Structure formats: structure tokens, C-alpha cells
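Every number for a ligand or one of its atoms is a count from 1 in the order of the listing. The shown structure was predicted, so the numbers you read here are calculated from the model rather than taken from an experiment.
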Amino acid sequence: MTLHLDPRRIAMLQEMGLRLLPPMGAAPEVAIAEPEAIEVAAVEVAARVSTAPVSFAPAAVPVAAPRTLGDRPTGIESLGWDDLAAAVAGCRACGLCESRRNTVFGVGPARADWMVIGEAPGENEDQQGEPFVGQAGKLLDNMLRAAGLNRRSNVYIANVLKCRPPGNRNPEPQEVAQCEPFLRRQVALVQPRIILAMGRFAVQTLLQSQEPVGRLRGRVHQYQGVPVVVTYHPAYLLRNLQDKAKAWADLCLAMDVMEGADA
Ligand code: URA
């Protein structure tokens with residue numbers, strides 16, 4: 001497989017753990033390494049990534065938080081950041097509140113051009129109250145860094161669900177429906193110029209589509225008037241290394257959309 005690459009994209013491939021082999025044809029073409037080489041490189045890259053503390057610690061539960069299961073605060077669409085974080089911290093709209101250790105609100109600057117949306121907290125996120133802090137998060141950080149993005153300065157990261165589904169089971173439709181207004185408000189407050197939707201649940205929630213990720217990627221969709229690029233979930237990429245090149249192409253598409261918007 002050969003691809004045309006500029007230096008920025010070569011750097012991105014390397015950051016994502018894809019090792020470049022010597023070109024077989026014309027000078028600007030490179031080949032993608034064997035999956036084994038990719039795996040080794042991915043582990044090496046992951047080992048260099050720090051897991052420094054969060055920008056948004058889990059918010060304190062508000063005094064007036066609903067105590068009855070099934071209740072969700074009203075008026076989410078007009079909440080500011082602090083009240084929104086407090087509403088999430090005190091949410092009891094679905095059964096996930098019974099088993100969570102922490103709600104996982106989101107991380108990043110209050111205003112950002114880029115927003116990344118994943119599925120739901122896993123065990124590490126439930127423990128630490130920050131999205132994407134496990135192995136998948138390390139890969140995500142590498143991918144973002146290759147695009148010049150960092151959760152502490154210029155990309156906001158959130159999940160569809162703010163509470164961990166027990167045993168990391170799939171989110172249920174009623175859980176997604178209860179939680180989605182929080183995400184919608186986060187998007188309205190962050191005012192991103194591009195959203196990267198990662199994995200089936202994020203994609204299906206944002207796009208209200210049942211199509212698989214593979215059929216939706218490669219073009220630009222919309223959520224609340226914001227361009228959305230669909231890509232694979234980093235946890236999936238850790239199990240399917242051969243699809244990292246596609247995720248890289250998705251990031252390039254998102255960067256192209258941003259550059260086009262700048263033009
Ligand atoms: N997977 C997600 O979708 N989100 C996280 O925060 C962690 C893993």
C-alpha cells in the first residue's frame with residue numbers, strides 16, 4: 001500500500017505508531033509497515049505519553065441535585081459550565097448512577113476549535129473522573145498530538161455517557177437518551193469548528209444513524225451545525241491495528257476541513 005505524504009502527515013503516522021518503510025516507488029510515496037511493526041511502535045509511543053492531571057476534576061454534587069432515580073435537571077440547554085458540571089455530578093437520570101464512582105464530565109478548554117466525542121467512561125475514567133485516561137486514551141493523545149492538539153490547551157474531549165456502564169457493557173438507548181442533553185450543551189458551550197466522533201455509539205448518537213462507522217467515515221456530517229468527521233474508536237484501533245491508517249486518514253480529513261474553514 002502506498003500513500004502520498006507531506007512532512008506533517010509523516011509525523012502524524014509516526015505519532016500514531018505507524019512505522020514508515022523505505023519507499024518502493026517515487027520519492028514522495030511511502031509504505032505502511034507490517035502490523036507487528038506497528039504494534040511495537042505503538043507500544044513505544046504509548047510508553048512516552050504522560051498521564052498528567054486533569055483540567056476538569058469531578059465536580060462537587062450540587063445541593064439541589066435530584067435524589068430520585070429517573071430525575072434529570074431541567075433547563076440543561078441554558079446552563080453555564082459550572083451549573084452543567086454540577087448537574088452531571090448530581091445526575092440520577094438512569095441506573096448508571098448507582099454503580100459509578102465518579103461522573104466523567106469532560107476535559108479541555110471551555111472554548112476550543114476541536115472537540116472529540118467518545119462513548120462512555122471505562123474503569124480508569126470512572127476512577128479518575130477524566131475521559132480517555134486508559135490505554136485507549138494514550139493512543140488518542142498520540143493521535144491528537146500528531147495533529148498539534150492537546151487536551152490541556154486546544155481540544156475538548158467528552159463522552160456520550162457521563163457514567164461508566166458496569167463491566168464496560170454497551171450503553172443502552174435509554175441511557176444515551178437521558179445523557180445526550182448534557183453533551184449537546186457541552187457542544188453549544190465549546191463551540192467547536194470540528195467534531196471528531198469516535199466509535200459506533202458516539203457516531204450513531206450524533207448522527208442519529210444506525211449505519212456502521214466504516215460506512216459513515218470519509219465524508220463530513222453535521223451535528224448542531226458543526227462539521228463532524230467519523231472515525232474508529234481508539235480501543236477498537238488497539239485491537240485492529242490495520243485500521244490505524246484509516247483513522248489517520250480521518251484525522252487528515254478533519255484537519256482539511258479546519259484548513260478549508262480557515263481559507
Ligand atoms: N472509551 C471511551 O469512549 N471514553 C473514555 O473516556 C474511555 C474509553
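Using a 3.5 Å distance cut-off with no hydrogens or angles, the side chains of Lys162 and Gln178 do not pair a donor with an acceptor.
At least one donor-acceptor pair closer than 3.5 Å links the side chain of Asn102 to the backbone N or O of Gln127. Remark: the backbone N or O of Tyr236 is paired with a side-chain donor or acceptor of Asn240 at under 3.5 angstrom. Arg217 places no side-chain N or O within donor-acceptor distance of the main-chain N or O of Thr231, the cut-off being under 3.5 Å.
In this structure, the separation between CG on Leu183 and CD1 on Ile76 is 11.0 Å, given to the nearest 0.5 Å.
Contacts of ligand 1 (protein heavy-atom distance under 4.0 Å) are Gly118, Glu119, Ala120, Glu125, Pro131, Phe132, Asn159, His233.
Residues Trp81 and Tyr156 bring their aromatic ring centres within 6.0 Å.
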